[in-house]
Structure formats: C-alpha cells, structure tokens
Amino acid sequence: MSTRHPSPGPEQAESNRLLSVNDLRTDIRTDQGTIRAVDGVSFEVGRGETVCLVGESGSGKSVTCRSLTGILPEPPADVVGGSVEFDGQSLLEADDEQLRRIRGDRIAHVFQSPQSALDPVYTIGDQLVEAITIHNTASAARERAINLLRRVGIPRADSRIDDYPHEFSGGMCQRAAIAIALASDPELLIADEPTTAVDVTVQARLIELLRGLTDDGTSVLLITHDLRVAAALADRLLVMYGGTIVERGPLEELFDRPAHPYTQALFESYTGCSSRGDRTARRDVPTAGCRFRAECRHAVDTCVGGEQPPSYAVGDRETHGVSCVHYGPDRDPTPVLADAAAARPVSTEGDDD
Amino acid sequence: MSDAGDPHRFEEVEWDDLDGSRQLLTPTRAAVLVGLVVVGCVYALETVGIDVTGRTFDRLDWVMLLGTVVLGSVGLVPAVRHRPLLIRLLRRLFARPAHAAGAAFLLGLSLVAVLGSVVLGSPDLAFQHRFHAPYGFTSVNGWHAECLGEITEGEGITRYCDGTAAYPLGTNQRGHPMGHLLVEGARVTLTVLVFTAAFVVPVATVVGIIAGFRGGVVDDLLMSYVDVQLCIPAIVVFFIGYMYWNVSLLLLLVTFGLLSWGGIARLVRSETLQRREDGYVLVARSLGASRSYIAKRHIVPNITNTLVPAIFHLLALLVLVEAGVAFLGFHHIELYSWGSTMQEGLDPHFSGIGLEMHPHEIWWVSTFPAIALTLTLASLKLVGDGVRDALDPRDDH
Amino acid sequence: MTERTAGHEEGETPREDESALLEVENLETHFPITEGWLRRETGRVRAVDGVSFELRPGEAFGLVGESGSGKTTTAHSILRLEAATGGKIRFDGERVTELTGADLRRFRRRVQLVVQDPNDAFNPRMTVGEAVAEPLALHGMDDGDRRRAIVADLLERVGLEAADADRFPHEFSGGQKQRISIARALVCNPDLIVADEPTSALDGRIKSDILALLDELRREFDIAVLCISHDIDVIRRFCDRVGVMYLGKLVEKGVTSEVLESPAHPYTRVLLGSVPSLDPSDREFVRPLTETVPDPADPPSGCRFHTRCPELIPPSDVALSRECWRTIARFRFAVEDGQLPESVAVETDESSVDESTVRVAFDLPSTIPDETVDRAVDDAIRSLSDGDLEAARARLAEAFPTVCERAEPNTGDERERSVRCHRYDSSVEAAPRSWMR
C-alpha cells in the first residue's frame, strides 16, 4: 500500500493543511454493472491555496469532489473506501447532521450551471438570507446579503437583491451563487466548472473574483476541464484520468514540463500539435494497471496489470509527481520527457492577449 | 462540378431523378379513403332502404363504423407496414408479466365484446329464473319461480336453491345470465374505448401539436378555446342533452368525450414546445422537412412518454364515467352497462319486485361487473405504462 | 454536382468575386417584440444588423462572438430557418431567399447543418442509421438498401462502425454522437456545412479529435464550413478566416492568424484579452470600459461597442492623457447606464452624496487639465450628489460628443481585412493607428 499511495502532493505543514483526501474510492452502481468512478485518489488542500482538478468529462473529477461532503446521491453512488479529513475531522465518518453543518458553514459548493443552482421562485435576496440565517441568527441578514452581493461585484446590490434569478444574466447568476456559497464565510470553496457556462469576458471577471477569495484566505478546490482556467487560477494542479490522479504538481512546474503522456495529450489538444481525426472513436478505459495505456504512445508491458503506477518524482522535483512507469527507479524517462517540450504550451502559445 | 468518377465523393446521387417522387397517396390515406367510401356507400344504401348488413344500424353504430375505419387505417395500416417495429414493440410489451396480463385482458375483452354480441345477441328476459346464484353457491329458494338446481334445506323453514351450470355466474332480477350481461357491458366499454381512441385522442393530439408548432395567434386561440372548454362541466351538458333528446350512449360519448381532451391537448402542446427547439428538429427543418413530417417523425414519437399514459388515463376515465352515469341510472335502458348492472345488484328494491333482500344476498349481480370494471381500469393503466416503456428504446430490459 | 446553375437575376451588378460560394451582404434579421392579442409590434430585437461576409468553396470561415452577438441567428438566416428581414444571401450565385421548389430542395441538400449539442441532435426514437439516412429519405431516396449502403460507408469514414447504424443515439458518447452528426451532414454530399458550436459540448481531446475530423473531411471533399464558435481555440485551429461579431454587427474580419495575432478592433482585443493565457505567469485580462452588455432591442447609436470601448475617441478639442480620458469615459457610461458603485448609488429620499465620494468611486482626479471637461465633470458630480441622475447624464452626453456615438463606423468591405472602427477611418480625426501598440 505504501508504494501505491505516496504522500500526496507537496508536503503541507500539518497546521496549514485544511483538507486531506487519502485513497478515496467511489463506485457508481448501474444496471450494467459497477463503475469505479473514483479509484484511489489522494490529495491535500492547504489554507488559502487553490488546487485545481483537471480532467476531461468522465475522468471522475466531479464525483471526487462530491464524494467529499456527501452530496452524491447514494445510491447509485457509494463511497467504498479511503478517508477524507477536513481540519482534523473525518468527513466520511461524520453523520448527516455533522455533514450538513460542515457543508453550510465551512465547505461551500458552486456548480457549473448557475441557473439551476438558484431556485427560480425566490428572489436572490431570499435565497441569500436563507443561506445566512441557517448558520447565523443575525437579524441583519439582509444587510449582510447586500454586502455579499457587493463583494461578488453585483452593481446596485441593494436593489438587485429583490430580483428573481431569471432577471439575472448567466454571469450574474454565477456571482449570486458564489455569494450564497460565501454566505457562511467558508474555509473551503469547492467550485465545479464555475465558468464553463458563461462567456469569456464574464469568465475573466469570475476568475478575478475567485482569485480575490484566495487572497482573503479561503481555500479553493477548483474543478475544470479547461487548462486555461487552471492556468489563470491554480496554485497546484491535479490531473485526473480514469478515476485516478495521473500527475500532480505546482502550476508553473506542470505547465513547464507536462510529464505524463496523458497530460501531454491534454496540452496538445490546445496547441493542436497532433490532429488525430482518424483516431478510433471508441475507447475503453482499462480498470487495472495504468488507465491511460490504451491510448498511450509510450505504453509498455509494465503498464499492464496491478494498480495505477505510483507517483514518481519528475527529475529532481519532489513536488512534481507523475503516475507513469517510465519515471520509475530503473527506467529512463527521457523519451517521454522529450514530448513534454513539444506539448509545453508556454513556448508554443500564440499571442492572444 | 464533381463527377461520378471522383473517388473523394461517396456516391453520386442523381437527385433530379429522385426529386418529386413524394407521393400524395400513402397507404394510410388510401385506407382512410377506401374505408370512408365503403361506409358511405353502405349508409347510402341503408337510407334508401336496401338492406345490405342484415340488421338495423342506429346512429351509434355508424359512428362506431367510422371509428373503426379511423383506427384501422391510422393504427393498423402503419403497424402492418412496419412489421419489425410492431413485433419489437409487442415483444417488449409482453416482456413484463403485469403488462402482458393487462394487454391480454384488453385483447380478450375486445374479442368477447365483438364476438359475444354477434353470437349471443340480446339477452332474453327470464323472470322465472331470476336471482339464481353462481355455480357452487346458493340463493334463497322462492326468489325465483323455478329453481334449476337442487333445493337444499337450511335452518328452520329456509330453503336454498343451488346454482347450476345453466347460469354459471348467476342471474339478475330479470333472469338475465350474468355472463351475458358482462359481455354486453364489455361491448359498451369497447364502444367507449373505440370512440375515445378514434375521435377524442386525435383531436387532442392534433390541436396540441398545431398550437405548439405554430405558436402565435393560432396557439393563443386554440389554448383559449381549451381553457374555456376545461371550464364547462361535461355532466351539465350531458344532462341538458338528456332533458331535450333521447338518452343514448352517443350523447354521453359526445358530451364527455368532446369536452375532455383539453388536458391532453395542453400536455401535447407543452411537449411540442420543448421538442421543436431540439437539434434534430432544427436539422430536419434545415433539410426542408415539412411541418407534418416533423410532427409525425420527430415530435409525436418523442412525446409518447407523457402522451401514451395520458391517453390510457383518459380511456380509463371515460370508461369509468360511462359506468358512473349508468350507475346513476342515466343510461339507455337497452344497454346493459356494467354500471347499471352493478346498481341493480346494490339496490334490489329498485326493480320494484317486492322482495325482501339485502344486496349481499345477491352479491354476484354487483360483484362481477365491479370486478370486470376494476380489471379493465387496471389493465388500461398497465398497458399504458407498458406501451410507454415499449416505445422507449432507452429502457432496455 | 452537375445540377448547378450559375445565373443570377438580370440587372444586378456583377459580383466582384465570381468564385464565392456564399455571399452574405448586409444581412439583417430582426425579431419583432409584440404585445397583446393583436400582436402589435412594440420594438425589434436587432439580432443581426448588417452583416456581410463571403465564403469561397472549401474555405472555413469562423464567426466568433459572445452569446447574444447574433452569430447563431446569422447561420439560421443563411439556412432559411429564420426569415432574414433585409440584405442579400447568395449561394452559388442564387438568391437564397428567393429559391423555391426543386431549386430550394437542391439548396437544402448542398447546405447542411451540424448543431451544437450532440445530445439533442438526434431523435432518441430513431436508430443512428435512420438518422443519418434521414436527409436521403427526405429528399426522395426510397431505396432502403441504397440508403443503408451510403450510411454504412459514412459511419466508417467518421470513425464508427457500419454495425452502429442499428443502435440508438443514447448508446453513444458525446464525441461519437458528434461524429454521427457530421456523418449526417455529409450524407447529401454538401458544398457547405454550417457548424453551430460543433465542439462546445465536448472537452479536451474529444474536442480536438472532432475538429481534426471535420478539418480532414473538409479538405478531402472540398467542403466550405461556416463555423460558429465562442471558443478562440476552435477558431484558431479550424478557420481560414474569421469574423468577430458584437451585438449583431460584424466588427472585424480577416485571415484568422492576422486577426488573432494582431487584433485591430477594440472589441476583438477585449475578447481575446479575456481568454486566460496558457502561460501561468501571464494572468492579466483586458477589461472593457463598462461591464453591461447593452440590450439588442435598444442598441447604442453609432458604434455599438462605444459604451464599453476602452479606446473611445475623445472630442477633437479635448486634449487629455489616454488614462484620464478613459476614466472620464467610464464615469460617463456608468452614469448613462445607471450602474453606479454602491457608495454613489442614488437613494430616492436621502439625497446628498458627498462630491468627493463620487470622485473616489470613479477614480476621478480632483482637477482635470482640460477646462471644459473639468467643468462638465464638476457639474455632473454636483447633479449626482443632488441625486439628479438624469441631469448628470445629459450634462455628460452634451459635453463629450464622440464620433463613436454619432456615426456608425464604416470602413468599407475589403475581403482580406476589415475593421469597423472609427480609429481606422482616415476621415475621422483621431489618434493614428499607433494607439494600438
């Protein structure tokens, strides 16, 4: 077990660690069988840190984050193993009541679709005040609600607080949803693709808003499929594929030297280095061994069988880990790393600013 | 610009040769036409006094004939043309025992209703045999002039008449065999079902689709009409008709049937509004598909999830309404509806024959039609769900 | 296609470029806003308002813009899914809006649509084979075996298997569905595919694969593609030329690499500058002057972007630093729009807001070098502090007449590059182009 789950990511000083997830496993049971949506995921989030979980749809990143605070509907989902510790408290062992208190008070969620996160029959203000009064008995809830709306950059907050969600644009709804999430001054904000449904100019403002949060000391666990959003927000990156984390490391490090063949492929899809229109449309992700081997151009026999390879350090950087056999003790990662140079976005990035 | 030899083009299609081959006369339309012509001819001959059918047709019978033509051509002709689809549908429908049982019951009911009235004709009065108990049960001897079974001694001076195989389900106060009455009731029920399916459901669906598809003023007008219609209590209209005209099943069907489709029309409209924005409708429109094509191919098949159960619910509702109105006694005296039979069984004094008895002593008169009615309603519900599931390819078992 | 006919109506001026496949000229699509039973028209949403571009055979043209910019409506108007209210659309020389009968059917075959969301692109009750064959059946091919053969061939070309024809759409993933969608668009052997956000529902490598497939097929079969997207990466990778739309207007168009590498229109610069960079050290965004997108039913006069334009042209007699002018312009349009910061928000009963608060809120300097400007700003601030928003609005509008507000920029319609911005109009006295970089 110890080789399979090395210490996740860069070491956090014990006191600075807010969330630590260890070997989390979540199954989703369907009529067709059980899907191992999250298959041994370990990571940590420090205070005031933005950790970004990057992956394509179906990689298990959303299920991972929803498993943390018990908001996954069970059944069909079932957290079958691992541990989640939030500020010293185990979340998987907490009962519903404790979880509810933590969710409202200390961990907040923001989801992709802002319109569906807001109840259309109540005004923004009602929903905000509700979120505030659940955890505070303050009579000045409305005042606080207005302040929250101001904080997320909604102009004329004192009059717009009485609007209904349909009177808000998509970007404004997302801001309001963030305001509701911030109502209880959470220590951790889990944002699941918060900018996917909005226009780029609005996205830019939301990114600035989220950046401001971490400056205030809130930790953010951001889920996104967009490396651009990750580049703009994250301190550290976790790359997910097939329910496992295949690469992890500080943002600059990972963007400078994407080490895992999957991460490289992800970067290439931006830079357009490889156009594979002929690639077969059907893919089956293996359930054992390296999950990416079916599509990996560096796949070797060692990739088959067992668990996802352990996280090896890339070069001499202990903080940058990659779950690929080529980085193992007796192997030479040079051919894989050679691709990193080609996939690296920083050098090939066109001038689009 | 490109030629057939170009290896990069898939296959050269000479569209001009294919163009314009859209036919006006589809098999369905042909069937409707032929059916209408045949019914029209028979009607014309009958009215001038030439008897071709060997029996007299009342207005309801003509309406039923038309309904059969509609159902046959719109339902059966496409079903026969797309046999594989029909077979798949039936296989899926009969895959679940409950759905299969419901479907079998409804099929049996239809067969009994059609064949029964042909074979049995109208039930005969046999007052001397009234209140015979079903086979294996007994009734008080003396209710009927003539006991066909064995007479057994009971407590004191009471004597009981055993039920016999001559009347396996017993008889009512007029000596009508219960089995025969159930068949008659089935015929009434089938009439209600055919009328609703042939006239009410198409009106509801078409109005809903037109309102949803056209939008604008058409939508406003149609939906306003539906709103008005939903406000008119059908039973009041029925009683007004009852006061002025002869009471008939047709009156009941017309008033209740034609005032009850508003809900389905609204449902279809809202579903249509959702579907018409879908990508495949957009693609079909960009290909130049007509509105009726889109409605037929894309809208209707995709609203079956809500439409089919709603239709079967309406069918069940109208069957129940008919039974209820007959139960209250507002039915044609020669129609032996399950509702009126039940009522006779529950209120033996009503028939005015001066016998002292309690409804439970002649339980078979009310129980059998009640069971038949319940089974019919349950079957309609089950088949509605079954057909909905069978139509949905996403629901693989 | 042997059936093509070339002529166009008599009396029309001959087109400059005979080889254009699709020409869109001053396209306007307005939607009436109606009220009441009689559907009296009370206004119009100018969804597309004077858009011109052209596509050569085999060319990929991208339309980029944010939601509400009118790019989808443009596509729908070309396909005749929405009725254009003005302008001309010519396809292969023929006026699209005037096609009828067999000509219209031919047009419908030659131009195909790929819709945005692969999940609702298919009728869930039809097998994939039926869906892909639908265009054939709709256009009169009654021979089922022939249809099946064509579909099987196409499915293989887009990376699926012939046997997939008998499966239902829900059995496929999003990427696979989009491949099927492309197969359906190809089945009639089109000359133009209109792809409305073909990859916006996909992510990562799937998106990249679909783009590559579309690109490959386009080159192989020489199909022109009108690609609508809000995603700069898609445009960059896929399109030869690009047009940038804002509020129903095409503000800039040109060769993709040129437009994306040296954007000329201020809106294009804002749009591109809002896309996060893949370089983690570059985290700055370009901001528009104000955040509110105007209502397309009541678009700003002149240049539609002027209320948000960081490069708004000052009146010729105003000589201020760029920063200072920008601050004042932001103040002006914030007042115009009523989007006042909280500290300045005009309460109805308790009126007076401190004048210095206003200055702080808008970052306005206490004195402005230009005297007339200074006076106007002073007046406006005074009106504001008295709670008279309307007066402040009028005072500012009167003091700063800008050409951007007065006149619609029109810099001609060169095919290679055109920018609808007064900054590029030699007849407008504005700082020369060097303001850009």
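Residue numbers begin at 1 in each chain, while the letters A, B, ... track the order of the sequences.
When heavy atoms are compared at a cutoff of 4.5 Å, A:Ile207 approaches chain C solely by way of its side chain, counted from C-beta outward.
For A:Tyr270 against C:Arg237, the heavy-atom pair with the smallest separation is O-CD, 4.3 Å. The shortest heavy-atom contact between A:Ala204 and C:Ser274 is CB-O, 3.8 Å. Closest approach of A:Phe255 and C:Leu278 over heavy atoms only: CD2-O, 3.0 Å.
A donor-acceptor distance shorter than 3.5 angstrom exists from the side chain of A:Arg228 to the backbone of C:Pro276, with no hydrogens or angles considered. For A:Asp199 (side chain) and C:Ser67 (main-chain N/O), a donor-acceptor pair under 3.5 Å exists by modelled atom type.
Annotation: side chain of A:Glu56 is not in contact with side chain of C:Lys207 (no heavy-atom distance under 4.5 Å). No side-chain heavy atom of A:Asp226 sits less than 4.5 Å from a side-chain heavy atom of C:Asp203. Contact of the A:Glu208 side chain with the C:Arg283 side chain is not registered, since no non-hydrogen atoms from C-beta on lie closer than 4.5 Å. With contacts defined as side-chain heavy-atom distances shorter than 4.5 Å, the pair A:Arg205/C:Phe285 qualifies.
Annotation: the span from C:Arg205 atom CZ to A:Tyr262 atom OH amounts to 5.0 Å, rounded to 0.5 Å. Summarising the geometry, atom CG belonging to A:Leu251 is positioned 9.5 Å from atom OG belonging to C:Ser281; distances are rounded to the nearest 0.5 Å.
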